[in-house]
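Down below is the structure, laid out as structure tokens.
The sequence lines fix the lettering, A, B, ..., with proteins before strands; numbering per chain opens at 1. The model shown is predicted, which means the values in this text are computed figures rather than measured ones.
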Number of protein chains: 2
Amino acid sequence: MTDKTKKKATIYDLSVISGISPSTVSAVLNGTWRKRRIKEATAELIQKLAEEHGYSANLQARGLRSSRSGLVGLLLPVHDNRYFSSMAQYFEAQVRSTGQCPIVVSACRDPDEEHQIVESLISYSIDELLIAGATDPDGVHDICERAGLKHVNIDLPGSKAPSVVTDNYEGGRLLTQALIERMREQGPVAPDELHLFGGRDDHASRERIRAFRDVKRAMLGGDPDSCIQPTGYSPGNTAHAFEAFHARHGRLPRGFFVNSSINLEGLMRFLAQHPQEAFADIVVGCFDYDPFASFLPFPLFMIRQDAEAMITKGLSILSTTRPPIMTHLVAPTLVPPRTALIGPLDALKDPDAVHSVL
Amino acid sequence: MTDKTKKKATIYDLSVISGISPSTVSAVLNGTWRKRRIKEATAELIQKLAEEHGYSANLQARGLRSSRSGLVGLLLPVHDNRYFSSMAQYFEAQVRSTGQCPIVVSACRDPDEEHQIVESLISYSIDELLIAGATDPDGVHDICERAGLKHVNIDLPGSKAPSVVTDNYEGGRLLTQALIERMREQGPVAPDELHLFGGRDDHASRERIRAFRDVKRAMLGGDPDSCIQPTGYSPGNTAHAFEAFHARHGRLPRGFFVNSSINLEGLMRFLAQHPQEAFADIVVGCFDYDPFASFLPFPLFMIRQDAEAMITKGLSILSTTRPPIMTHLVAPTLVPPRTALIGPLDALKDPDAVHSVL
DNA sequence: CTTTTTTGCGCAATCGATGGTGCAATAACC
DNA sequence: GGTTATTGCACCATCGATTGCGCAAAAAAG
């Protein structure tokens with residue numbers, strides 16, 4: 001405002017115009033001035049000046065000196081997904097409320113990307129890191145360890161750092177059970193009428209598949225291997241799997257468990273190619289919640305993972321001194337078809353909304 | 001690896017163990033060594049050493065010296081939304097491919113938050129900023145301007161910096177027209193049978209509403225004010241608007257235009273409260289694309305905004321020397337019901353996918 | 001064998017903030 | 001009034017990398 005100069009004011013600028021030493025200015029502006037026995041009047045003077053000149057600390061300089069940066073990272077597999085983007089949303093709010101700066105990045109489920117990105121975050125001296133859904137959590141751990149960076153795994157556990165993950169077995173159990181019960185409303189269910197699509201060889205998929213098989217064996221008396229198709233986390237591959245099944249059997253399975261909302265997008269691609277009748281009587285489960293998917297024109301049971309609780313727990317572990325290396329389970333919930341849950345966006349105020357129309 | 005020390009190696013460490021001066025080490029490791037006429041052998045030696053000791057530059061130090069940071073920011077209204085999260089996805093990929101570090105933050109559509117967050121990004125000396133969907137683009141501009149930070153508006157235009165936005169009028173026109181044509185398949189359409197919900201007093205909403213009204217007047221011969229309900233970008237408020245309409249008329253409008261996927265979530269909340277029959281014959285348009293929403297059990301026309309093109313254009317403007325202050329329009333596309341488009345995630349490789357099952 | 005040119009690299013200041021140490025001036029005490 | 005305590009603040013090294021400048025040794029030119 002008062003300064004037309006293109007560059008930001010520094011403590012030296014304030015020092016010159018106030019005739020007070022830079023170290024005193026620094027102390028005043030970073031809040032340590034009482035400890036340094038600076039007179040209240042001096043502090044007020046400097047604060048006023050800083051205000052007038054729009055001073056704000058150069059955080060790179062501060063970070064260099066203190067080898068901390070005030071940055072807290074969240075490493076995601078992908079942004080473009082309601083589960084992970086809601087994590088990002090909660091993460092931002094919580095980190096910002098501690099006065100730190102959240103920085104969210106995605107590594108596309110590529111281990112090399114994960115490593116590179118973490119290295120680069122370390123180069124920026126980030127203070128803490130939440131590693132969500134990493135393909136190689138232990139590899140990332142080693143990198144963090146070497147740099148002395150505090151970190152926690154979220155969503156997919158690692159063996160070398162504390163982890164916070166959904167109780168995937170329980171979620172898988174809830175979902176499979178709900179599917180079978182719903183299918184039984186249409187008549188008896190044979191073991192080969194309930195399939196599973198999607199997921200890969202990671203902890204979450206394994207647990208979900210284990211639950212799926214356990215429940216099938218207990219409730220249906222059987223569990224053929226051919227009912228499991230881990231197509232990876234790719235909409236395209238999942239769509240192919242549905243097409244292949246349909247080509248072979250002339251229809252989709254009566255019931256199936258889709259391992260994530262990303263795989264569920266594969267189902268949408270299949271649907272786009274087929275008339276509504278092709279799936280008039282299917283019952284579907286999806287391990288993820290999406291508000292639109294919940295209203296699709298077939299019964300769709302969803303599992304809502306508690307992203308908020310996981311972020312909260314993860315951050316609280318980070319603020320613990322020497323957290324034990326263990327895996328914390330967070331309970332997911334079964335969401336029946338046609339359910340609209342509220343999400344992180346509901347916490348936002350919207351002052352411009354026009355209410356009068358009601 | 002070779003070093004057990006907890007701290008990262010610096011150019012000084014490498015200088016000591018190699019007997020070569022820090023400045024030479026620095027030059028070698030930042031690539032300016034040819035310009036400084038360093039012997040090739042020396043360079044190789046240092047590079048080998050750096051490799052062995054897992055050296056990576058302290059970017060805070062570099063940033064301090066050069067008053068650049070290698071960080072490029074994307075300021076979003078919210079993460080938890082397919083439109084913005086796909087922007088984030090494209091943004092990350094594109095920025096990373098230039099060797100810079102993307103940093104994505106959200107400001108919750110709160111002007112104060114926007115200002116604060118931008119101030120803090122500036123404190124980290126970020127090099128460039130994409131401002132997406134800002135509530136107060138010109139306010140943010142002033143802050144950037146003062147700090148000499150290059151910036152571009154995306155999605156919502158500002159008057160003081162270059163902007164890249166969807167052609168909202170054209171999108172609104174396409175959508176309204178598609179709605180009316182579809183409604184006419186069921187019989188003649190009266191002006192008060194087509195409504196609009198959602199949006200607030202921003203450029204995008206105004207343009208969409210203008211198109212909506214123009215098309216209604218042209219095609220239906222009328223355009224009552226009572227058909228427009230800008231409920232803000234809040235699922236809750238939107239749901240209330242639907243409930244209120246339903247309470248008054250005993251049904252939803254035959255056709256309606258929903259201003260964003262966030263408002264569409266409000267419709268889901270309404271649906272959850274009512275039996276399927278309550279909306280057997282509605283025709284809906286939504287200004288945003290979501291792959292699941294597209295398959296909802298009623299005709300839902302969607303507008304897909306070209307996030308990728310907007311990011312690309314925005315970044316290219318940032319790399320221009322003195323870009324003119326103008327608004328670039330990006331054409332959106334009309335997406336008919338039951339369409340599964342591919343998105344940014346399809347660019348990802350997925351090595352672990354099991355294809356054999358096909 | 002000089003003189004000039006080129007090669008190769010080191011010196012030292014700098015970016016902005018932090019914090020340990022030390023030194024006056026003032027206040028408190030006997 | 002002289003001595004000790006306290007208050008208030010300045011000095012300066014430091015964090016790690018960058019970069020203009022300059023100097024010695026080697027090479028080329030004369």
Side-chain angles (χ1 to χ4, degrees), chain A residues 5-47 50 53-70 120 122-125 127 147-148, chain B residues 5-47 50 53-70 120 122-125 127 147-148:
Chain A
T5 75
K6 212 69 184 172
K7 293 287 96 203
K8 298 225 62 170
T10 71
I11 53 170
Y12 298 97
D13 298 333
L14 297 182
S15 165
V16 170
I17 54 188
S18 65
I20 295 173
S21 83
S23 57
T24 300
V25 174
S26 169
V28 168
L29 295 173
N30 68 27
T32 59
W33 58 279
R34 290 185 184 286
K35 195 166 49 189
R36 285 182 147 268
R37 298 187 320 227
I38 306 296
K39 219 194 312 181
E40 185 120 15
T42 310
E44 279 166 6
L45 170 64
I46 293 176
Q47 281 159 349
H53 290 261
Y55 171 84
S56 67
N58 180 322
L59 297 180
Q60 300 212 77
R62 172 178 296 170
L64 173 58
R65 186 59 233 262
S66 57
S67 60
R68 314 187 76 257
S69 64
S120 100
I122 288 173
S123 298
Y124 284 107
S125 311
D127 299 337
Chain B
T5 75
K6 213 67 182 172
K7 294 287 96 203
K8 300 222 61 172
T10 71
I11 52 169
Y12 297 98
D13 299 332
L14 297 182
S15 166
V16 169
I17 54 187
S18 66
I20 296 173
S21 83
S23 55
T24 300
V25 174
S26 169
V28 168
L29 295 173
N30 68 27
T32 60
W33 57 279
R34 289 183 186 286
K35 194 165 51 192
R36 285 183 149 265
R37 300 188 315 228
I38 307 297
K39 218 195 314 180
E40 184 120 15
T42 309
E44 280 166 6
L45 170 65
I46 293 175
Q47 282 160 347
H53 291 262
Y55 170 85
S56 68
N58 181 322
L59 297 179
Q60 300 213 76
R62 171 178 298 171
L64 172 57
R65 185 59 232 263
S66 57
S67 60
R68 313 186 76 256
S69 64
S120 100
I122 288 173
S123 297
Y124 284 106
S125 311
D127 300 336

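In this entry the distance linking OH of B:Tyr124 with P of C:dA17 reads 14 Å, nearest Å. One can place CZ of A:Arg34 at 14 Å from P of D:dT7, the figure rounded to the nearest angstrom.
Annotation: side chain of A:His53 is not in contact with side chain of A:Lys8 (no heavy-atom distance under 4.5 Å). With contacts defined as side-chain heavy-atom distances shorter than 4.5 Å, the pair B:Val28/B:Leu14 does not qualify. Between B:Trp33 and B:Lys39 the shortest side-chain heavy-atom distance does not fall below 4.5 Å. Proximity of A:Ile46 to A:Thr24: side-chain heavy atoms (C-beta onward) are separated by under 4.5 Å at one or more points. For the pair A:Asp127/A:Ser69, a side-chain contact is recorded, criterion being any heavy-atom separation below 4.5 Å from C-beta on.
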- [ ] Spell out protein contact along nucleotides 8-18 of chain D as letters: B when the base is contacted, S when just the sugar-phosphate is, - when no protein heavy atom is under 4.0 Å; keep the 5' to 3' order.
- [x] BBBB-BBBBBB
